[in-house]
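Residue numbers start from 1 in every chain, and the chains themselves are labelled A, B, ... in the order their sequence lines are given, proteins ahead of strands. The shown structure was predicted, so the numbers you read here are calculated from the model rather than taken from an experiment.
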Amino acid sequence: MKDALHELLENALDRLRRDGVLGAPAPDFVIERTRSREHGDFACNVAMLLAKQAGKKPRDLATAIVAALPANPLVAKVEIAGPGFINFFLSDAAWHEEIRRVLREGAHYGHGKSGAGRAVGVEFVSANPTGPLHVGHARAAAIGDTLSRLFSATGWKVYREYYYNDAGAQIQNLALSVQARAKGIEPEDPRWPADGYRGDYIRDVAKEYVAGASIDAGGERITAKRDPDDLDAVRRFSVAWLRREQDADLRAFGVEFDVYFLESSLYTDAKVQQVVDRIGAEEHSYEADGALWLRATEFGDDKDRVMRKSDGTYTYFVPDVAYHLSKWERGYKRAITELGADHHGSLARVRAGLQALGIGIPKDWPEYVLHQMVTVVKGGAEVKISKRAGSYVTLRDLIDMAGLDATRYFLIARKSDSQLVFDIDLARAQTNDNPVYYVQYAHARVCSVQRQMHERSIVFEQRDALKHLDRLDSDHARDVMVEISRFPEIVEAAAENREPHLLAQYLRELAGAFHVWYNAEQFLVDDEAQRNARVALAYATRQVLANGLAMLGVSAPQTM
RNA sequence: GCGCCCGUAGCUCAAUCGGAUAGAGCAUCGGCCUUCUAAGCCGACGGUUGCUGGUUCGAUUCCAGUCGGGCGCGCCA
């Protein structure tokens with residue numbers, strides 16, 4: 001709808017340019033939904049933006065623009081208001097046409113083509129395979145997966161990526177911890193490794209290792225050697241065990257990845273070395289204090305960064321750069337890296353490293369989505385999250401307690417860069433405190449109407465209904481139609497701005513408009529044309545709710 | 001000390017890349033079920049958008065400063 005108005009306005013502006021009223025440059029004007037119905041359905045600020053350039057008062061210019069607007073059946077009335085807004089009042093036919101479109105396009109309604117089939121890589125979770133996934137990972141998973149679904153819906157070819165840090169010191173700590181457990185050493189024991197992982201799962205890994213268990217993970221089968229002194233074997237088994245664990249949790253959360261990228265492969269394929277060499281060849285590195293440094297300050301970072309430590313090993317960020325280089329080489333026009341705010345420092349570092357390669361990667365590539373901390377509250381008290389200490393709420397815990405739908409909705413429903421309090425008691429409560437039920441209930445209600453029709457042997461004639469949409473003459477029905485028509489705009493905005501919470505919020509508003517209408521009007525009335533029109537709108541509402549919930553990875557139940 | 005994020009109703013949060021009279025839910029109070037699911041609806045109450053300036057037709061939004069909270073500032077990841 002916005003697009004149609006945009007075209008009309010461009011038309012009018014062209015005409016004024018030909019008439020010499022306006023100069024050449026086209027400003028970035030905005031067409032937006034109005035807050036109040038007095039201001040029409042859409043408002044445009046173009047006259048206020050162009051007033052200076054045209055040497056006219058905003059309202060006078062607005063008058064000229066309106067006079068130059070081509071006639072269009074979608075527009076019932078145009079007014080000039082306030083400081084110079086051009087307010088569009090759409091005709092009933094415009095809303096009816098949108099309802100027809102919903103029923104025609106079905107599951108595709110709301111999907112767009114702005115991505116034009118280009119490739120976008122979305123990396124998220126990327127947890128170290130050293131422990132079960134916790135609530136922070138859960139938030140990352142919900143955000144990353146919903147973003148991916150939004151990109152798919154806007155015409156992008158999406159690749160979900162998971163980066164496994166399977167090569168660093170933390171993996172060594174994991175192996176040492178499992179080894180210690182396998183030898184019967186407890187965390188309280190003085191012989192326990194200094195940075196060992198103390199969680200109970202370490203005991204489980206050790207038990208299975210000693211028992212000679214087999215693990216299927218990452219497309220290969222690892223069988224335990226049972227010998228605690230073979231640290232390399234312990235390490236391989238432990239990583240496989242945790243990968244399997246994480247994969248299972250993510251699958252239970254409705255999240256699957258297209259690419260699992262192993263940090264270790266960057267070493268075996270010499271990609272890390274190539275990055276260091278390339279940066280050296282570009283003369284963006286230097287040796288000092290026995291280490292090799294990146295001149296990160298040349299590329300906007302706070303300070304220069306060590307790439308190769310004096311002990312000859314690389315710091316973690318060099319493989320990070322090599323990994324992102326791989327994304328670039330694989331043709332991602334956009335790359336989104338989703339990570340916790342406590343890692344935001346790596347942003348400048350990775351970008352600096354990519355710049356130092358001197359191969360034309362844009363300065364703001366990759367894009368980032370940072371999510372703030374999640375604190376978990378239960379029974380009014382905070383549950384501490386401490387991965388190293390081994391005591392924390394896991395993704396699996398959340399799913400078990402609150403269910404898949406509530407957990408996903410909860411974690412997505414607010415802006416990712418604000419802190420989140422996850423109240424376990426609230427999330428598990430099956431009440432409308434939890435907005436996901438409110439939205440799902442609206443969907444279930446339409447299904448219930450359909451069941452009623454079946455029971456009463458009422459036949460819905462869609463073709464007839466679409467001829468009688470003018471029978472939807474109440475303000476409540478109109479509000480529902482207006483809400484429905486916002487869906488494509490919301491999907492586009494949520495994807496483009498990387499703000500999936502917009503969709504969660506929108507669905508609540510759509511459900512709200514529906515519930516109000518539902519309470520105000522009986523759908524299944526005797527008047528056939530009236531009934532068909534209302535059922536058509538109810539079906540359209542259900543379709544949009546279902547499409548939106550699918551983008552959130554939340555189910556759309558037929559009954560509740 | 002420096003950098004990033006956040007301060008909006010009693011609580012949890014929105015506010016369409018600067019728009020018109022800042023909106024929902026929860027909580028509190030008062031109404032609505034012989035009618036398609038009351039997991040719903042209607043009404044009331046609730047605000048100097050932390051504070052002070054600046055930019056302009058217009059600022060919750062942008063800028064400067066300030067106060068408060070979180071995170072980061074390793075040859076850890």
Side-chain angles (χ1 to χ4, degrees), chain A residues 2 28 30-36 38-39 43 45 48-49 51-52 57-59 81-85 87 128 130 165 168-171 195 263 288-293 301-303 305-317 320 340-348 370 372-373 375 413-421 423 426 430-435 437-438 440-442 444-453 455-456 458 486 489-490 492-494 496-497 499 501-502 505-506 508-509 511-512 514-525 534-535 538 559-560:
Chain A
K2 249 185 204 177
D28 276 338
V30 173
I31 297 170
E32 58 187 2
R33 300 269 173 171
T34 57
R35 290 190 180 170
S36 154
E38 297 164 34
H39 300 138
N45 64 350
M48 291 175 287
L49 295 178
K52 240 177 211 170
K57 288 182 188 166
R59 288 189 67 113
F85 287 104
N87 292 337
N128 292 339
T130 55
N165 290 107
Q170 77 283 357
I171 296 298
D195 295 316
E263 180 188 7
D289 303 328
L292 183 66
W293 297 71
D301 202 355
D302 288 353
K303 48 184 81 166
R305 304 290 174 178
V306 170
M307 294 196 290
R308 191 176 58 225
K309 295 179 264 183
S310 49
D311 67 3
T313 63
Y314 295 105
T315 56
Y316 75 96
F317 104 87
D320 271 4
D342 56 338
H343 284 75
H344 79 259
S346 74
L347 185 160
L370 300 180
Q372 285 288 340
M373 300 289 96
T375 48
R414 54 195 60 170
K415 260 191 302 204
S416 65
D417 58 6
S418 62
Q419 288 161 240
L420 173 66
V421 176
D423 186 332
L426 188 66
Q430 305 256 322
T431 71
N432 60 352
D433 293 357
N434 207 329
Y437 292 106
Y438 185 85
Q440 290 180 317
Y441 183 42
R445 271 184 153 173
V446 181
C447 294
S448 179
V449 170
Q450 187 172 30
R451 283 190 297 274
Q452 277 291 320
M453 286 197 295
E455 280 172 29
R456 298 191 213 164
I458 297 172
R486 288 176 59 207
E489 295 161 26
I490 294 290
E492 180 65 32
E496 184 50 39
N497 302 325
E499 294 186 334
H501 75 281
L502 293 176
Q505 175 155 344
Y506 162 76
R508 205 188 184 293
E509 286 163 6
F514 174 78
H515 285 308
V516 171
W517 176 50
Y518 179 97
N519 266 69
E521 291 179 358
Q522 186 81 10
F523 300 171
L524 303 181
V525 293
R534 286 179 179 166
V535 172
T559 59
M560 293 186 72

Between the base of [N] and the side chain of [X], is one N or O donor paired with an acceptor at under 3.5 angstrom?
X      : N     : value
A/N87  : B/A20 : yes
A/Y437 : B/A39 : no
A/S310 : B/C75 : yes

Whole-Å [atom1] distance, [N] and [M]:
N     : M     : atom1 : answer
B/C29 : B/G69 : C1'   : 34 Å
B/C57 : B/A20 : C1'   : 12 Å
B/U49 : B/A22 : C1'   : 8 Å
B/U60 : B/U48 : P     : 13 Å
B/U28 : B/U34 : P     : 25 Å
B/C2  : B/U61 : P     : 23 Å
B/A77 : B/C17 : C1'   : 34 Å

Collect all protein-nucleotide pairs involving nucleotides 1-3 of chain B in which both atoms are nitrogen or oxygen and the distance is under 3.5 Å.
{"from": "B/G3", "atom 1": "N2", "to": "A/H344", "atom 2": "NE2", "distance (Å)": "3.0"}

remark   = Sequence neighbours excluded, the answer for side chain to side chain donor-acceptor pair (under 3.5 Å) partners of A/E521 is A/S474, A/W517, A/R534
ask   = Which residues pass the side chain to side chain donor-acceptor pair (under 3.5 Å) test with A/D311, sequence neighbours left out?
value = A/T313
query = Of all the nucleotides listed (B/C36, B/C75, B/G70), which has the minimum atom distance to the side chain of A/T315?
reply =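 Nearest nucleotide to the side chain: B/C75.
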query = Would you say a side-chain N or O of A/R33 is under 4.0 Å from OP1 or OP2 of B/U16?
reply =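 No, because none of the side-chain N or O atoms of A/R33 sits under 4.0 Å from OP1 or OP2 of B/U16.
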ask   = Is any side-chain nitrogen or oxygen of A/K303 closer than 4.0 Å to OP1 or OP2 of B/G74?
value =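 A/K303 to B/G74 OP1/OP2: side-chain N or O found under 4.0 Å.
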request  = Classify the glycosidic conformation of B/C32 as syn or anti, calling it syn when the angle lies within 90° of 0.
outcome  = anti
inquiry  = Strictly distance-based, threshold 3.5 Å: is any side-chain N or O of A/T34 a donor or acceptor partner for the main-chain N or O of A/A43?
reply    = no
